[in-house]
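Report on the following structure.
Owing to the predicted nature of the structure, the values given are computational and were not obtained by experimental measurement.
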Amino acid sequence: MPVVAEPEQESEAQLEARFEAVINRKDRVEPRDWMPDAYRRTLVRQVAQHAHSEIIGMQPEGAWIGRAPSLRRKAILLAKVQDEAGHGLYLYSAAETLGVSRQELTEMLISGRQKYSSIFNYPTLSYADVGTIGWLVDGAAICNQVPLCRTSFGPYGRAMIRICKEESFHQRQGYELLMTMMRGTDEQRAMVQESVDRFWWPSLMMFGPPDDESPNTARSMAWGVKTHTNDELRQRFVDMTVPQAKALGVTLPDPELVWNEERGAHDFGQPDWDEFWDVVKGNGPCNAQRVAHRKKAWDDGAWVREAALAFAAGDGSDTSSDTSSDTSDGPRTA
Amino acid sequence: MPDVRTHEPDDHDNAYAGLLVNDAHWAFGTDFEDPLAGVDTTVPDGVDPATLATYCLMLGDDALVLSQRLAEWCSNAPDLEEDIALSNIALDLLGQARLLLARAAAADGSQVPTLPDSSPVPDEDRLAFFRDAPQFRNVRLAEVPGGDFAQTVVRILLFSSWRLALLDRLNQSRDAVLAAVAAKAVKELTYHRDFAGRWFLTLARGTDESRRRLVAGLDALWPFWTELFETHDVERAAARSGVGVDPADVAADVEAVLDQVLAASGVERPAQPPHAADHGRDGRTGRDGEHTEALTALLAEMQVVARAHPGGQW
């Protein structure tokens, strides 16, 4: 039998120093490593919010699966929304390594105690929105998320590597849908432009408030949980998107958008931050609907989850069936 | 402690780059433009093209309509694992439907709805989005409204047990396309049946509520069970010419599978429904284009965008 050495008791200060050293050399913190409570809390908040965003994000696009206008688009969209469920699953699993269960987190979401990305509180009004969400919303998400592949918490960073690869795929699919529609009829081109007009500003809001109004940024950056500021990422997104919009043949609805030779970057207008805060506070067009949808799915599924637990606890090994009565052998959880 | 890193710092920073690069292989599904590209679609000797096409529509419509129903679960399932599994099943069936509709169109173009000359809508989409309910040939088990998770499990169990038996034999079809479609589908349907069988057992032996719901789901769908084994003239002709399977020939095998699941679960086979319940006017069935009222509503949703843009490109 292997002999396990008695671990040396380290003082809080030593643990903290070790943690700081890991952060400073940009290495990963792993679930069983010591970490400051505030770091753990910050991560739970961020990873949970991210997981919730994936799950709530299934709704606006999922609403169009039944109406997808070609079988190929139906397959692409269904596979994409399914991927989002998968992303939610990886992220809830990453959060679980911090000592909080998927069930607890889901209950926090449906009771409004945890948030998700505000972009999903905007409605999807035409099939072009499926493309625009892929191009702009997934594009913005990628700008936000790619740096998270290097985030200091190991399970989160590793989940993000997989997620980013798939998001990049989704973004290309969305862009390809818009490209195809732009080659179609006048009505289709108008539909694409109208959709881009609606989603442009909310997409810019996805990077969060301006740096001087972002309360958590400094600490998250010091811990290596966040690696770029909101404004840096927003700039990067705008600079990447402008040539893509041009290639697509749509205009971005910002009269202040212009190339600044001196900065080597685009100048652009500010989103309506009052609207942003209003949506964050729960007053967006679809906040109530999104949470109610999630709550209904969760509540309606309670009996199924209970049955699965009861079956597992009863082992399902007793196959001596009593077909004359409606009883089962498993213990009841209800 | 060595400076261990799992990746190079800038390894993933380029995920967003390359969007404008013309890379034909980047998007999932883009190789689907012509699902039968490179496959010999010649109708085998002695086979009536119209019969083959209609037979493909029957099997294709079964898959398309049930796929549409199962996709309704997306974002609504009891937990994420089931959400993903149900989407998976819907995607598999959708893939089967596309191949079968494309095969129908290739065998007999006269069954494909006509659109204005300039319309770029491909044949599979003309068939899916521009036919009305009476032209759909699916069995009615595929179209009836979803019900709860238990009823969904029952439907997948009944449907996949039946379809697996059919396609397992269709593997031997004289039509090379149908044989290839069947070979792929058999692997998928085996998983679908397994998923449904495991959940059937779980719900039967889980809680009182899950068992009650399961039995109710079975009762609700039972009126549509015998239709699966009735032989339509087109199926008979397809079977005779060696391209199709007569569903009556798989009845005994499928009933045996179902009995096995019922026995393991301790659930009784429902009493036979009154004859009238499983037939439409004059004994017509889904294979004749006779449907429940649920199908028109399902198609209204499915077809609304496509029909608004008959000249659209997607």
Under a 4.5 Å heavy-atom cut-off, does chain B meet the side chain of A/Arg73, its backbone, both or neither?
side chain

What part of A/Ala302 gets closer than 4.5 Å to chain B, counting heavy atoms only: side chain, backbone, both or neither?
neither

Closest contact, heavy atoms only, [X] versus [Y]:
| X | Y | value |
| --- | --- | --- |
| A/Ala85 | B/Leu80 | O-CD1, 4.2 Å |
| A/Ala308 | B/Trp199 | CB-CH2, 4.0 Å |
| A/Pro69 | B/Ala306 | O-CB, 3.5 Å |
| A/Ala307 | B/Leu203 | CB-CD2, 4.0 Å |
| B/Trp314 | A/Met181 | CZ3-CE, 3.5 Å |

Checking heavy atoms, do the side chain of [X], its backbone, both or neither come under 4.5 Å from chain A?
| X | value |
| --- | --- |
| B/Ala77 | backbone |
| B/Ala90 | both |
| B/Leu86 | neither |
| B/Arg213 | side chain |

Candidate list B/Leu94, B/Asp125, B/Leu91, test side chain to side chain contact (heavy atoms under 4.5 Å, CB included), partner A/Lys74, passing option:
B/Leu94

Less than 4.0 Å between a side-chain N and a carboxylate O, is that true for B/Glu81 and A/Arg102?
yes

Interface residue of largest heavy-atom contact number with chain B, from A/Gly62, A/Gly88, A/Gly66, under 4.5 Å:
A/Gly66

Select, from A/Glu187, A/Arg183, A/Lys296, the one with the greatest count of heavy-atom pairs under 4.5 Å involving chain B.
A/Arg183

Quick one: [atom1] on [X] to [atom2] on [Y], what's the gap to the nearest 0.5 Å?
| X | Y | atom1 | atom2 | value |
| --- | --- | --- | --- | --- |
| B/His309 | A/Met191 | NE2 | CE | 3.0 Å |
| B/Asn88 | A/Leu78 | CG | CG | 9.0 Å |
| A/Met179 | B/Gln313 | CE | CD | 13.0 Å |
| A/Trp303 | B/Asp148 | CH2 | CG | 5.0 Å |
| A/Leu89 | B/Ile84 | CG | CD1 | 5.0 Å |
| B/Asn76 | A/Gln59 | CG | CD | 8.0 Å |

Answer yes or no: is there a side-chain heavy-atom contact under 4.5 Å between A/Met58 and B/Cys74?
yes

Heavy-atom distance under 4.5 Å between the side chains of B/Asp79 and A/Val304, does that happen here?
no

Go through A/His293 and B/Ser75 one step at a time and tell me if the side-chain hydrogen bond (donor to acceptor under 3.5 Å, both in side chains) criterion holds.
CA-CA 8 Å; A/His293 179 130; B/Ser75 82; 2.9 Å; yes

Just do the side chain to side chain contact (heavy atoms under 4.5 Å, CB included) check on A/Ile55 and B/Asp83 with the steps written out, would you?
CA-CA 11 Å; A/Ile55 299 306; B/Asp83 214 295; over 6 Å; no

